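Everything quoted here is computed from the prediction, not taken from an experiment. Residue numbering restarts at 1 for every chain, and letters A, B, ... go by the order of the sequence lines.
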Protein chains: 2
Amino acid sequence: MTSPTRSRPAAPSEVLEEQTVVPEQSEVWRALSDPSRRRILDILREAPQTTSALCSRFEFSRFAVMKHLRVLEAAGLVLVERQGRERINHLNPVPIQQIYRRWIKPFEQLPADRLLRLKRTVETTSRPPA
Amino acid sequence: MTSPTRSRPAAPSEVLEEQTVVPEQSEVWRALSDPSRRRILDILREAPQTTSALCSRFEFSRFAVMKHLRVLEAAGLVLVERQGRERINHLNPVPIQQIYRRWIKPFEQLPADRLLRLKRTVETTSRPPA
DNA sequence: TGATTATGTGACCAAATGGTCACATAATCA
DNA sequence: TGATTATGTGACCATTTGGTCACATAATCA
């Protein structure tokens, strides 16, 4: 085994911060990184769906959808309710909110002046040396 | 595939507001899906860094860092300022804010009662059938 | 009961991804 | 000028990933 990078044991020194965070936020990121999975979440946002109902809205196979669902479930983004032989997939927005707290919010608090300076310098520098 | 996305002409257009869709929000998601890249962004949030300064904070090679930077740049998450032979990498929070508007915010507006129902049913169903 | 339908599991494959290296270019300093 | 340092490019490789399929199990319906 030679991929210690994926399961980095901690790296807490850097990643730490205002954490508190989820067991593995990486899973949430990974789940969200795929367009099909984001589409699934969008559909699930309208209303919960059985797996096959979900499949009917995709062009690829049911198995692909199931795989995506498993990833989403592992990330906690989809909660599964069993009803007889049916599997009803619900959207769970909580992990996304955690992402927000850990990531989006801090970035919104970036001092505005730094951003402005940045924008200026970038514009200046990206101008062709004429 | 020859990634035409890379040579985005301007950037100021995106730095603007939440306007008209990002070129490809997929790129932002992909960029954010990797732990190393998120770490880079975290570092950049403290202060802009030259590439080599950035490298010194990672265990893997400079080339890997550069690749990550390129992905981040393509997603608009990192803006590059040239200063002599140095390349100073700045964090650009705008794409993350767009992600927020497109994704997090709508999910926060999910009707609370649906969530509650969901939670109840999940708890009920996941209980062993006694 | 048997047929049908909904979901789950395992093997498999092509493409993308994260990492490596060697080499090239360009700016700075003595 | 030459040496050093910062960054860029291309080839390469192992692993992961998104997709396929065949087959298995379980619940519903006639």
Quick one: [X] [atom1] to [N] [atom2], roughly how many Å, whole number?
X: B:Arg87; N: C:dT28; atom1: CZ; atom2: P; result: 17 Å
X: A:Arg70; N: D:dG18; atom1: CZ; atom2: P; result: 12 Å
X: A:Met66; N: D:dA26; atom1: CE; atom2: C1'; result: 13 Å
X: B:Glu73; N: D:dT7; atom1: CD; atom2: P; result: 13 Å
X: A:Ile40; N: D:dG18; atom1: CD1; atom2: P; result: 11 Å
X: B:Leu54; N: D:dA6; atom1: CG; atom2: C1'; result: 13 Å
X: B:Leu32; N: C:dT17; atom1: CG; atom2: C1'; result: 16 Å
X: A:Arg82; N: D:dT28; atom1: CZ; atom2: P; result: 11 Å

Any salt bridge linking A:Asp42 with B:Arg102? Criterion: basic side-chain nitrogen under 4.0 Å from a carboxylate oxygen. yes
Can we say B:Glu46 and B:Arg57 salt-bridge, meaning some charged N sits less than 4.0 Å from an Asp/Glu carboxylate O? yes
Could you list all N or O pairs between the protein and nucleotides 23-25 of chain D that sit under 3.5 Å apart?
none

Between C:dT7, D:dT7, D:dG18, spot the one nearest the side chain of A:Asp34, thanks. D:dG18
When you check the phosphate oxygens OP1 and OP2 of [N], does a side-chain N or O of [X] lie under 4.0 Å from one of them?
X: A:Arg30; N: D:dG18; result: yes
X: A:Ser52; N: C:dT7; result: yes
X: B:Ser61; N: C:dT20; result: yes

For residues 58-65 of chain A, please give each side-chain donor-acceptor pair under 3.5 Å, one per line with the distance, not counting sequence neighbours.
| from | atom 1 | to | atom 2 | distance (Å) |
| --- | --- | --- | --- | --- |
| A:Glu59 | OE2 | A:Arg39 | NH1 | 3.3 |
| A:Ser61 | OG | A:Phe63 | N | 3.3 |
| A:Ser61 | OG | A:Ala64 | N | 3.3 |

Upstream residue (5' side of DNA chain D) when A:Glu86 and A:Arg37 are each assigned their closest nucleotide: A:Arg37
Could you pick out which residue, A:Arg85 or A:Ala64, lies toward the 5' side of DNA chain D when each is mapped onto its nearest nucleotide? A:Ala64
Consider only side-chain heavy atoms of I, L, V, M, F, W and Y, link residues closer than 4.5 Å, and tell whether B:Leu72 and A:Phe107 are in one cluster. yes
Hydrophobic cluster membership, with links at side-chain heavy-atom distances under 4.5 Å among I/L/V/M/F/W/Y: are A:Tyr100 and A:Val28 in one? yes
Heavy atoms only: give me the nearest B:Arg37-B:Ala31 pair and the separation to one decimal. NE-O, 2.8 Å
Using Watson-Crick and G-U wobble pairs with both distances under 3.5 Å, what is the 5'-to-3' dot-bracket string of DNA chain C, with [ ] for crossing pairs and | for pairs outside the strand? ||||||||||||||||||||||||||||||
Are side-chain heavy atoms of A:His90 and A:Val80 found at a separation under 4.5 Å? no
Examine the side chains of A:Gln25 and A:Glu27 and answer whether a donor and an acceptor come within less than 3.5 Å of each other. no
Where does the angle between the aromatic ring planes of B:Trp103 and B:Trp29 fall among parallel (under 30°), tilted (30 to 60°) and perpendicular (over 60°)? perpendicular
